[in-house]
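For reference, the structure is listed below as structure tokens.
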Number of protein chains: 2
Amino acid sequence: MPIKLSIIKQDFTEGLSQISRFWGFPKGMGAIFAVLYLSPTPLPLDEIVSQTGLTKGAVSTEVRTLARMGLVHRFSKLGDRKDYYEAESDFYKSIRSILKERQNSEFDRAIRSVKETLEKFESGSVSGVEAEVKFVYERVKALQEFFNAIDTLASAVIKLENLGFVNVTKILSVLK
Amino acid sequence: MPIKLSIIKQDFTEGLSQISRFWGFPKGMGAIFAVLYLSPTPLPLDEIVSQTGLTKGAVSTEVRTLARMGLVHRFSKLGDRKDYYEAESDFYKSIRSILKERQNSEFDRAIRSVKETLEKFESGSVSGVEAEVKFVYERVKALQEFFNAIDTLASAVIKLENLGFVNVTKILSVLK
DNA sequence: TACTGTGTTTAGTAATTACTAAACACAGTA
DNA sequence: TACTGTGTTTAGTAATTACTAAACACAGTA
């Protein structure tokens, strides 16, 4: 008994919804991406609406977020009032733009605040019991260095674009 | 006018709370970790309570989650009824255990479902217009390969433990 | 056995987030 | 100018999540 393609599509969409939620995005976002990703042709908003069961409003705002993250692209056809949406299928490209997007985010602000804390220590303007000041300084510094390492690694990841899987294997061999 | 250490600690704690929220964890979790991370000595539960302003109940459950993720360690002292908590300061170690923890998570279940979908295609048991079936198959497969690459990369990251920053730089040079 | 000090669980509330329904804006067309 | 078809914004609701307050369990001690 063969499985219908439409069932497969539905399963896949549900899977991406879960993954989306897992990473702290609305599950609707995952669903919208899935629908576009599995469509051979770009889809207009109302088509996304009917395939996901969300309302126009929700799709309108979430598809915009997806576009800002570079996961989907919006464009219009001449002589057609509708906008069309298409999924980005180069994930390394998407990752790059997501990371860029996050650059100006709350996360980065928090990281920068750690850095500023460190600078206060280094300008010697922190008062308190010497041993404790030193301890806290070392800890804050260690965290800062860890963030830097992760940041460098992230830069490495976005370079994976157009390089593909082979190089990930290379990385592994360096680390052995 | 020198800055008091206690102010610094407070700023740092707020910063980690934000970072915690950004990654989809409760902000209280970040605060608890920060307090422990900046303490030169292990702290009992009631001390965490007073330094974070959370209630016993909240600290009790969240500290357990942190322990499961390997970000803090709990232990008891002989002849002392209290439990004591200490932050893990080797972040690579923490990352490794967080990734392990996630292995059995919803995320992994979702990823596995993508794999199963793929297997259905490969056993030829999907019905539908041939061209469309093929298109969807290719797309699902591409996503699966991407997940694999990320997975491999994650394995690489956890190997960074005890290797440190130098090797991240090495990685970068390979990618140039 | 009752009491004290510890951590845990539970029932409920507060805060946040995702989403809906509907008003709206605006461009193109009769 | 009114009408139609599009996407957007807004006000409010539903669902979820983080957290509190308080009951509870349990081990050790008088």
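Letters go in sequence order (proteins before strands), and every chain restarts at 1. The figures that follow rest on heavy atoms only: side chains count, while hydrogens, waters and symmetry mates do not. For clarity, every value in this text was computed on a predicted model and none was experimentally measured.
Toward the 5' end of DNA chain D, the nearer of the two residues Ala58(A) and Lys82(A), judged by each one's closest nucleotide, is Lys82(A). Annotation: of the two residues near DNA chain C, Val63(B) and Pro26(A), the 5′-most nearest-nucleotide partner is Val63(B).
Remark: P of dG28(D) and CG of Asp80(B) are 13 Å apart, rounded to the nearest angstrom. Distance CZ (Phe75(B)) to P (dG7(C)): 13 Å, rounded to an integer number of Å. Atom C1' of nucleotide dT20(D) and atom CG of Leu54(B) are separated by 10 Å, given to the nearest angstrom. In this structure, Phe25(B) places its CZ atom 18 Å from C1' of dC19(D), rounding to the nearest Å. If you measure from atom CG of Asp83(A) to atom C1' of dT8(D), you get 11 Å, rounded to the nearest angstrom. Across the protein-nucleic acid pair, Lys56(A) atom NZ and dA23(C) atom C1' stand 10 Å apart, rounded to whole Å. In this structure, the CD atom of Gln18(A) is 16 Å from the P atom of dA18(C), given to the nearest Å. In this structure, Glu62(A) atom CD and dT20(C) atom C1' are separated by 12 Å, rounded to whole Å.
In this structure dT17(C) sits in a base pair with dA14(D), meeting the Watson-Crick or G-U test at under 3.5 Å. Nucleotide dA30(C) has dT1(D) as its partner under the Watson-Crick or G-U criteria, with both atom distances under 3.5 Å. Searching all strands for a Watson-Crick or G-U wobble partner of dA23(C) with both distances below 3.5 Å returns dT8(D).
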Test Asp83(B) against Lys77(B) for salt bridge (Lys or Arg N to Asp or Glu O under 4.0 Å), laying out the working first.
CA-CA 7 Å; Asp83(B) 287 349; Lys77(B) 295 180 182 173; over 6 Å; no

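There is no side-chain donor-acceptor pair under 3.5 Å between Gln18(B) and Glu14(B). No side-chain donor from either of Tyr85(B) and Glu47(B) sits under 3.5 Å from a side-chain acceptor of the other. With hydrogens and angles left out, the side-chain atoms of Tyr37(A) and Glu88(A) include no donor and acceptor closer than 3.5 Å.
Contacts between residues 37-53 of chain B and DNA chain C, counted as heavy-atom distances below 4.0 Å, involve Leu45(B).
The cluster map of Ile, Leu, Val, Met, Phe, Trp and Tyr, joined by side-chain heavy atoms under 4.5 Å apart, puts Phe25(B) and Val35(B) in the same cluster.
Within the nucleic acid shown, Lys27(A) comes within 4.0 Å of sugar-phosphate atoms alone, with no base atom in reach, counting heavy atoms only.
A donor-acceptor pair under 3.5 Å links the side-chain atoms of Thr52(B) to the main chain of Ile48(B), judged by distance alone. In this structure, Ser17(B) contributes its side chain and Thr13(B) its backbone to a donor-acceptor pair below 3.5 Å.
Proximity of Arg21(B) to the phosphate of dA15(C): no side-chain N or O atom is located under 4.0 Å from OP1 or OP2. Taking side-chain N and O atoms only, Ser60(A) has a distance below 4.0 Å to OP1 or OP2 of dT8(D).
With hydrogens and angles ignored, no donor-acceptor pair closer than 3.5 Å exists between the side chain of Arg81(A) and the base of dG28(C).
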